[in-house]
Amino acid sequence: MEQIQLTGPHGPKPKKTTVSRLGVYAFLFSAAVFFCIPLYVMLITSLKGMSEIRLGELFSLPGDPSFAAWVKAWGEACSGVECNGIQTGFWNSVKITIPSVAISIILGSINGYALSFWRFKGSNLLFGILLFGAFVPFQVVIFPLIIFLREVGLYGSLTGIILIHTIFGMPIMTLLFRNYFSSLPDELFKAARVDGANFWQIFFQIMMPLSIPVTVVAVILQTTGIWNDYLLGLIFAGRENLPMTVQLNNIVATTFGVREYNVNMAATILTALVPLAIYLLSGKYFVRGIAAGAVKG
Amino acid sequence: MNSISIKELDLKYQDAHVLKQLNLNIKKGEFLVLLGSSGCGKSTLLNCIAGLLDISAGQIWINDRNVTWEEPKDRGIGMVFQSYALYPQMTVEKNLSFGLKVKGMAKGEIRERVDRASKILQIEPLLHRKPSELSGGQRQRVAIGRALVRDVEVFLFDEPLSNLDAKLRADLRVEIKRLHQKLKNTMVYVTHDQVEALTLADRIAIMKNGEIQQLSTPADIYHKPCNLFVAQFIGSPSMNLLEGRIVGENFVYQDYRVNLMGYEFINQGDHDENAFLGIRPEHLALEPRDGYVKLISAKIDILEPMGDETIVWFDFMGRKWSVKVHGDHQLKWDEDADIYLDPKKAHLFAKQGEVRL
Amino acid sequence: MNSISIKELDLKYQDAHVLKQLNLNIKKGEFLVLLGSSGCGKSTLLNCIAGLLDISAGQIWINDRNVTWEEPKDRGIGMVFQSYALYPQMTVEKNLSFGLKVKGMAKGEIRERVDRASKILQIEPLLHRKPSELSGGQRQRVAIGRALVRDVEVFLFDEPLSNLDAKLRADLRVEIKRLHQKLKNTMVYVTHDQVEALTLADRIAIMKNGEIQQLSTPADIYHKPCNLFVAQFIGSPSMNLLEGRIVGENFVYQDYRVNLMGYEFINQGDHDENAFLGIRPEHLALEPRDGYVKLISAKIDILEPMGDETIVWFDFMGRKWSVKVHGDHQLKWDEDADIYLDPKKAHLFAKQGEVRL
Amino acid sequence: MEETMANTAKVSTPRRTKRIQISSLLASAPMAIVAIGVFVVCVGYSVMLSFTKSRLFPNFNWVGLDQYERLWGTSRWVVSVENLFLYGILFIAFCLVSGFFMAVFLDQKVRFESGFRTLFLYPYAMSLVVTGLVWQWMMEPSLGVQNVIQRMGWESFEFAPLVDPQYALYGVLIAAVWQSSGLVMALMLAGLRGIDGEIWKAARVDGIPAWRTYLFIVLPMMRPVMITSVVLLAVGVVRVYDLIVAQTGGGPGMSTEMPAKFVIDHITARGNVGLGMAAATMMLLPVLLVIGPWIYREYVRPAKH
Amino acid sequence: ANIEVIHWWTSGGEQKAVTVLAEEFNKLGNDKWMDTAVALGENARALTMQRILGGDAPGAAQFNTSRQFEELIEEGLLLDLTPVAEKEGWTNFIRPSSILNPCMKDGGIYCVPVNIHSNQWLWTNKKVFADVGVKEPHTWEEFLTVAPKIRDAGYIPLAFGGQGWQERHVFDVVMIGVTDEKFWNSVWKDKDPKAASSDKMRKVFETFGALRQFTDEGAPGRNWNDATNMVITGKAAAQVMGDWARGEFAAAGKVAEVDYGCIPGPAKRPSLTLGGDAFIFPKSSNKNLEAAQLKLASMMLNPTIQAKFNNTKGSLPVRADVDLKVADACMKKGLALLDDPKATITPANNYITEDTNGQVQDLVSTFWNEPSMSVDNALSIFKGIIEDAE
Ligand SMILES: Nc1ncnc2c1ncn2[C@@H]1O[C@H](COP(=O)(O)OP(=O)(O)OP(=O)(O)O)[C@@H](O)[C@H]1O
Ligand SMILES: Nc1ncnc2c1ncn2[C@@H]1O[C@H](COP(=O)(O)OP(=O)(O)OP(=O)(O)O)[C@@H](O)[C@H]1O
Ligand SMILES: [Mg+2]
Ligand SMILES: [Mg+2]
């Protein structure tokens with residue numbers, strides 16, 4: 001095929017690095033710096049010795065980096081009589097977080113599903129109340145809840161704390177799933193009913209497999225919340241199940257004692273690792289999931 | 001024998017009365033099309049038959065059984081949806097077998113039915129794909145297959161072709177028709193596309209605001225619309241209309257009069273009333289023919305060539321008139337042309353009540 | 001004089017070569033329709049013209065100006081989208097005026113233009129509504145209005161009607177045609193609906209896999225398709241096909257032979273090669289006519305009554321054949337019928353290369 | 001009409017107007033129990049306590065509105081409420097604005113998009129206790145940013161909001177925005193990605209500059225995202241406690257006191273449950289007044305289309 | 001039975017001290033100490049309350065010797081320790097009596113005080129004073145005269161931690177310093193509104209307010225140990241803090257009365273308010289647990305254990321017959337005052353509820369941080385608080 005010789009502008013428009021493009025990156029990088037500084041401070045502080053910290057050079061790199069604080073935070077720092085660092089609470093946190101996240105998501109998704117496809121009289125009102133519950137500071141209902149759990153014999157047990165997390169997670173989880181399921185075509189549900197699937201079959205075989213994106217968001221929100229929870233765990237979990245944040249707090253917070261900032265920071269980062277890992281792993285699913293669940297009215 | 005029988009069906013939403021005391025009998029093996037413009041209640045009616053909506057009053061009988069309170073699955077119906085509503089995470093095979101498995105049917109039997117359905121619909125090579133890997137037409141076929149495997153007496157279709165492009169729509173239309181001739185099930189088919197309705201239906205029910213306007217064969221609906229709404233709704237382009245008065249044997253408008261000799265009035269006798277005269281574009285001609293009378297001459301406004309035929313548009317007494325002529329006709333825009341009409345093919349509607357005269 | 005001129009246009013996505021060395025000249029005031037099946041690159045081509053996509057090679061000229069590197073707003077084009085793409089929170093008036101305001105046009109001038117456009121499109125009563133309060137057809141008109149106020153030479157339409165229902169589509173089609181006759185702008189119109197293409201276009205460009213197959217008037221495309229693809233693509237139902245051999249004056253298949261007297265070969269002279277014979281449904285008849293030759297007799301498979309005409313389907317040598325007959329024809333399913341064809345209206349395509357003979 | 005009515009009488013009307021599957025009621029039971037049991041009964045119980053003289057433990061010595069009288073006579077409470085309003089409005093506004101900007105800039109087909117996204121989002125994984133502590137350091141005049149910049153030569157640089165009662169609340173605000181704006185960014189980004197591509201094309205053809213397109217066309221289209229963001233943020237605002245305790249302890253003076261802290265201090269350390277619950281009840285009021293109508297309009301009333 | 005103990009001793013020295021108690025208890029055999037440490041007193045106390053409400057009370061829990069647990073006694077939720085106390089004669093050897101008073105209600109004894117901390121100390125950096133060339137102040141008047149000189153010399157006169165409790169702490173120290181025990185008691189014990197709005201009280205507020213100008217801008221939100229560190233490093237001249245600050249000086253290798261000075265309650269007649277920690281023992285139906293609780297209560301007052309515990313913690317024992325090995329010059333000063341019944345003053349929170357206490361703290365904190373607040377205004381609010389106090 002003969003090639004016609006073209007004169008004048010042809011082909012793709014030459015790319016120029018424009019001012020606005022530079023501006024975009026400038027903005028993003030400065031925002032990134034703003035977001036990173038606290039993490040940077042935490043990291044370097046955790047690598048310094050106390051004497052170096054007392055100099056007050058917040059941003060200077062550690063002269064003699066050492067992981068001693070990390071080792072101590074993980075396994076040696078004392079909280080009262082026991083000196084096992086935050087690792088003691090780690091497994092408790094896992095024991096609390098996994099079932100709490102799972103159950104609250106399961107219940108939230110069932111609620112959302114029922115609210116989207118199986119309305120009954122008053123279901124919207126129930127949902128309204130539940131949503132209102134999202135705004136109730138939980139301290140407000142702490143006394144009645146303690147009394148309630150005492151009466152059913154669950155106060156101070158693993159089951160009790162899981163129940164509590166489930167209760168407080170339910171509003172937002174329900175909202176998330178309800179919005180997501182409402183965005184699915186009604187016809188899918190109708191088709192399944194014509195096929196003879198019942199309430200649970202439709203839920204487990206049709207709806208659940210479709211809700212992976214929102215589930216990712218739900219897992220992230222709930223894990224972050226429950227893993228970082230201190231107060232509820234302390235009050236409801238019972239002595240045997242105190243979560244990691246209790247140890248973290250014992251290390252970090254003190255009125256009259258001496259503060260070991262490097263250990264504090266190491267403990268802090270260690271505690272945040274689990275939610276951070278989930279963020280990194282879920283990556284793009286998070287945004288995608290939000291698009292699927294949270295955004296639609 | 002009626003396959004579906006709907007008695008005094010009422011359906012209200014909080015604020016809207018969507019179906020009003022609707023009665024409808026559908027014969028066994030019949031292909032009934034529900035036709036109407038958007039929002040007239042077609043889907044609502046279909047969902048009531050399927051048991052997907054709770055009705056406000058009335059009864060629904062399927063195969064001489066009162067199913068008013070039955071679950072959709074127990075009504076002996078299969079349904080095909082506009083958006084296909086395939087289960088996105090399941091393969092085609094799973095999509096087809098899901099309902100059967102839920103029912104607890106034996107594996108062998110499921111296999112057999114899926115095989116048969118996929119053979120009928122020629123989707124055997126697709127059985128292991130997921131819906132997202134199918135084209136629109138293939139998806140539609142799978143959706144039909146899902147109803148097919150259930151081995152039901154009654155098929156319900158809710159605008160099954162309206163998401164497809166024109167060509168595919170035409171192809172699948174023929175396939176559905178063929179399927180009906182093969183299976184001989186009762187089929188209720190919702191559409192707002194009159195071509196589908198006319199080509200597929202044994203009978204068409206034309207709906208407007210939740211009420212059935214006319215229930216009849218396609219030919220009847222086309223050639224003997226019972227009122228002005230039906231007359232205008234069916235046919236493309238729409239029927240041309242002229243407002244005037246019937247005086248004895250003539251239709252009079254302004255200074256013109258058209259001899260109505262040959263028109264079959266429903267009520268014999270003398271007529272003298274205000275009326276509309278309607279005439280379909282294909283019953284007008286631009287050259288004198290046997291039995292045609294000249295109406296007027298007018299200037300050609302627009303030409304729409306469609307290959308085998310051409311639609312010629314005129315501005316006539318403030319209304320757009322269209323005439324269908326053969327595609328070989330040599331016409332030019334802005335020219336004057338004479339319009340002739342065949343009075344036997346005309347339609348007359350009373351101005352009062354807009355019913356056919 | 002060319003209004004748009006596309007030279008050696010190439011467009012590649014990372015993995016796909018969508019447009020291939022495409023050349024196209026569109027005359028001033030011409031209504032050009034780009035027709036092709038889904039994914040063939042129509043929208044891509046239109047977006048290249050609009051400057052919404054960065055091309056890989058080639059040039060685009062609009063009004064004899066090389067606009068290859070210009071911004072869309074500087075190309076003197078207006079564009080109408082399939083999803084309308086109205087700004088949802090602005091009133092119709094704001095939708096129309098926003099672009100002008102941004103440009104810094106004087107208030108009075110804006111007002112004038114908006115008034116003119118809304119008068120042309122008859123959307124004056126809607127000026128203060130939001131898009132969500134409009135019907136589909138009204139939205140479409142506003143979308144056109146937004147292009148109109150920009151007072152551009154070239155209008156680009158990307159499937160502007162495909163979101164509408166059949167009836168509305170037919171109405172708006174006529175309006176767009178009328179608009180073109182009034183404004184006399186150059187219009188490039190993308191569609192996959194052949195009825196739209198045939199009725200609207202001055203010329204149609206049929207595309208397949210990023211290449212233009214035929215660029216010609218609707219009549220030419222319909223009556224003299226340049227290859228098998230175009231022949232099959234245009235016409236509904238599709239052209240009927242027969243595979244056989246041309247031997248001298250005859251087309252031979254199995255034991256039959258059809259006399260080709262009257263067919264205009266492109267290359268005169270003796271032909272002796274494998275070929276397809278194509279014939280449109282409306283050029284077949286079920287009764288003997290002048291100049292027609294009998295093809296075969298076959299059993300009626302399906303009848304599709306469409307009001308004024310009926311499509312009769314046959315199973316013929318393993319292919320579905322369709323014949324268009326007048327709606328008054330009385331035919332019955334499963335009967336035998338004789339099929340006659342008009343050799344002058346037939347089409348012949350070489351088996352090799354599938355081009356018209 | 002009368003006649004038809006007579007005819008219809010023969011055709012029985014369904015008794016059960018709704019066919020609800022037992023399992024659907026069963027499945028909604030936990031929700032019903034939580035909604036009513038916790039958010040109605042328990043809240044009601046707590047409201048009742050606000051009319052008692054409960055000290056360390058709940059009791060039912062009724063004192064009428066005494067607690068409310070004392071509450072509104074307490075300057076710390078009044079200051080807390082003022083703080084909450086200022087903080088809440090600014091917090092939500094800043095998060096929305098910065099989240100929107102980050103989302104917009106990330107939407108420019110930039111390199112390392114996912115890297116930036118993770119960076120903006122990670123603070124959300126940190127507990128507020130920690131966030132408060134780190135920011136307290138950074139805002140400490142002799143240790144933090146101020147010190148570093150002053151030593152770099154900019155002597156007059158001042159950035160120590162936490163030590164000044166006038167600005168302390170803004171110090172808290174910075175930390176809070178740092179923590180939450182990433183989430184808003186993610187929400188907004190998702191919203192942006194959900195917008196019809198043809199809108200963009202239309203705007204380009206119209207010659208509307210990108211920033212105006214974002215501001216006047218895209219932003220108003222993101223109403224649902226905004227609502228979701230505001231809800232999530234507002235939930236955090238009403239409950240703000242951890243951050244305050246960790247970063248300022250409510251000080252200097254009363255300058256960063258918040259209602260939630262008032263409630264918690266009184267039902268724990270100060271052993272005055274009655275007053276705490278009166279304060280809690282006052283907190284629920286705006287929730288009911290502002291959020292209630294919204295919940296009703298958005299979720300309770302409308303039937304699914 | 002094992003006995004769960006809730007306490008808030010989570011920092012370095014405190015942990016070692018509580019470990020002494022735990023180990024000694026475990027040594028007694030059979031029963032084990034189950035440790036539940038929760039940082040910050042208010043959190044630990046709240047937990048104890050909630051656990052009691054939830055029917056899952058700990059075996060023992062730490063409180064301050066104050067009215068914090070009064071309601072628990074009234075509700076009959078605490079184990080009555082009177083039989084052991086009478087048998088062992090607690091009232092005879094626990095001194096000063098003010099430390100045991102909060103444990104007593106209607107003749108019964110319901111808690112065990114384990115240590116004493118004294119609050120009124122001015123810690124000074126001797127080098128700074130020498131450098132400026134002024135004498136260490138022994139009254140607040142003196143402080144106010146030397147402070148400007150110190151400031152002019154480039155030092156911070158008063159290292160201050162701007163947290164609510166620290167502000168309140170300094171306020172109390174000032175109050176005792178510029179008034180006397182009688183006045184103190186008439187305000188806190190008798191809750192006399194006239195005293196609360198008297199000129200003496202005005203003087204207290206004025207003196208307290210005058211201190212503002214001698215602190216640095218970084219004070220708000222500062223932890224006490226960071227403030228102490230300012231004295232240690234010589235950035236600041238002095239700090240008002242309880243005796244626990246001694247540990248910081250020691251940790252930095254400073255020697256009492258050589259590197260740093262300790263001036264008891266800057267006042268004409270130095271006196272100390274004594275606070276301390278006490279353990280309560282929630283009632284239980286479990287007899288074994290009750291036995292263990294009594295055993296623990298008794299053990300906590302055992303002289304050897306008192307010695308070991310307080311030596312580790314750096315606090316003063318609640319009984320006199322204890323050998324304090326670690327006592328340095330400053331601690332000896334404290335012990336001497338402790339032996340003088342006239343020099344010990346009952347702390348305010350033995351007389352007022354935590355609620356009132358909190359109101360006072362809020363007022364003090366507001367007053368400190370808002371120089372625009374007039375003394376009149378502060379006085380009238382203070383009077384209102386004292387009037388309403390129970
Ligand atoms: N859940 C609902 N609540 C209230 N009104 C409804 C509901 N569903 C449908 N409607 C109303 O009922 C009427 C009939 O709706 P229906 O879906 O049956 O129309 P349709 O004929 O199928 O139209 P289309 O061709 O657009 O599908 C419409 O006016 C619609 O607005
Ligand atoms: N952003 C993209 N990246 C990669 N491939 C693309 C992209 N956009 C379009 N394509 C591909 O380019 C081809 C042409 O697309 P185009 O949208 O032009 O088709 P079309 O003719 O407009 O089809 P339709 O009728 O469905 O609108 C398609 O095969 C499509 O998959
Ligand atoms: Mg419908
Ligand atoms: Mg396209």
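Numbers restart at 1 for each chain; the letters A, B, ... are given by sequence-line order, proteins then strands. Hydrogens, waters and symmetry mates are skipped; everything else that's a heavy atom, side chains included, is used.
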Closest heavy-atom pair and its distance - D:A269, E:E42:
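In terms of heavy atoms, the two residues are closest at CB-CB, 3.6 Å.
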
Taking all heavy atoms of D:L162 and all of E:P220, pick out the closest pair and write down the distance.
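Looking at all heavy atoms of both residues, the closest pair is O-CB, 4.1 Å.
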
Quick check for you: among E:A46, E:S365, E:G164, E:G384, which has the greatest number of heavy-atom pairs under 4.5 Å with chain D?
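Top option by heavy-atom pairs under 4.5 Å: E:S365.
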
Winner by heavy-atom pair count (cut-off under 4.5 Å) against chain D, out of E:E167, E:E217, E:R45:
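The answer is E:E217.
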
Does any heavy atom of chain E fall under 4.5 Å from the side chain of D:Q247, the backbone, both, or neither of them?
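Neither; nothing under 4.5 Å.
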
Which atoms of D:E257 approach chain E - backbone, side chain, both or neither, heavy atom under 4.5 Å
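Neither part; nothing is under 4.5 Å.
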
For residues D:V163 and E:R222, determine if any side-chain heavy atom of one lies less than 4.5 Å from a side-chain heavy atom of the other.
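SC-SC contact between D:V163 and E:R222 ruled out.
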
Are side-chain heavy atoms of D:M254 and E:D362 found at a separation under 4.5 Å?
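The answer is yes; the side chains approach within 4.5 Å.
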
Nearest 0.5 Å, what's the [atom1]-[atom2] distance between [X] and [Y]?
X: E:L53; Y: D:L56; atom1: CG; atom2: CG; answer: 10.5 Å
X: D:T74; Y: E:I381; atom1: OG1; atom2: CD1; answer: 10.5 Å
X: E:E354; Y: D:T268; atom1: CD; atom2: OG1; answer: 10.0 Å

Exactly one of D:R55, D:K53, D:R270, D:R70 should register a salt bridge (Lys or Arg N to Asp or Glu O under 4.0 Å) with E:D355. Which one does?
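It is D:R70, the one option of D:R55, D:K53, D:R270, D:R70 that forms the salt bridge (Lys or Arg N to Asp or Glu O under 4.0 Å) with E:D355.
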
Contact class of E:I52 relative to chain D, heavy atoms under 4.5 angstrom:
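Answer is side chain: those atoms of E:I52 sit under 4.5 Å from chain D.
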
Would you say [X] has more than 12 foreign heavy atoms packed within less than 6.0 Å of its [atom1]?
X: D:F57; atom1: CZ; answer: yes
X: D:W154; atom1: CH2; answer: no
X: D:F159; atom1: CZ; answer: yes
X: D:F94; atom1: CZ; answer: no

Quick one: which residues of residues 69-79 of chain E reach chain D at under 4.5 angstrom, heavy atoms only?
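Heavy-atom contacts from residues 69-79 of chain E to chain D are E:E70, E:E71, E:L72, E:E74, E:L77.
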
Counting heavy-atom pairs closer than 4.5 Å to chain E, which one of D:A168, D:P252, D:S255 comes out on top?
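Among the listed options, the one with the most contacts to chain E is D:P252.
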
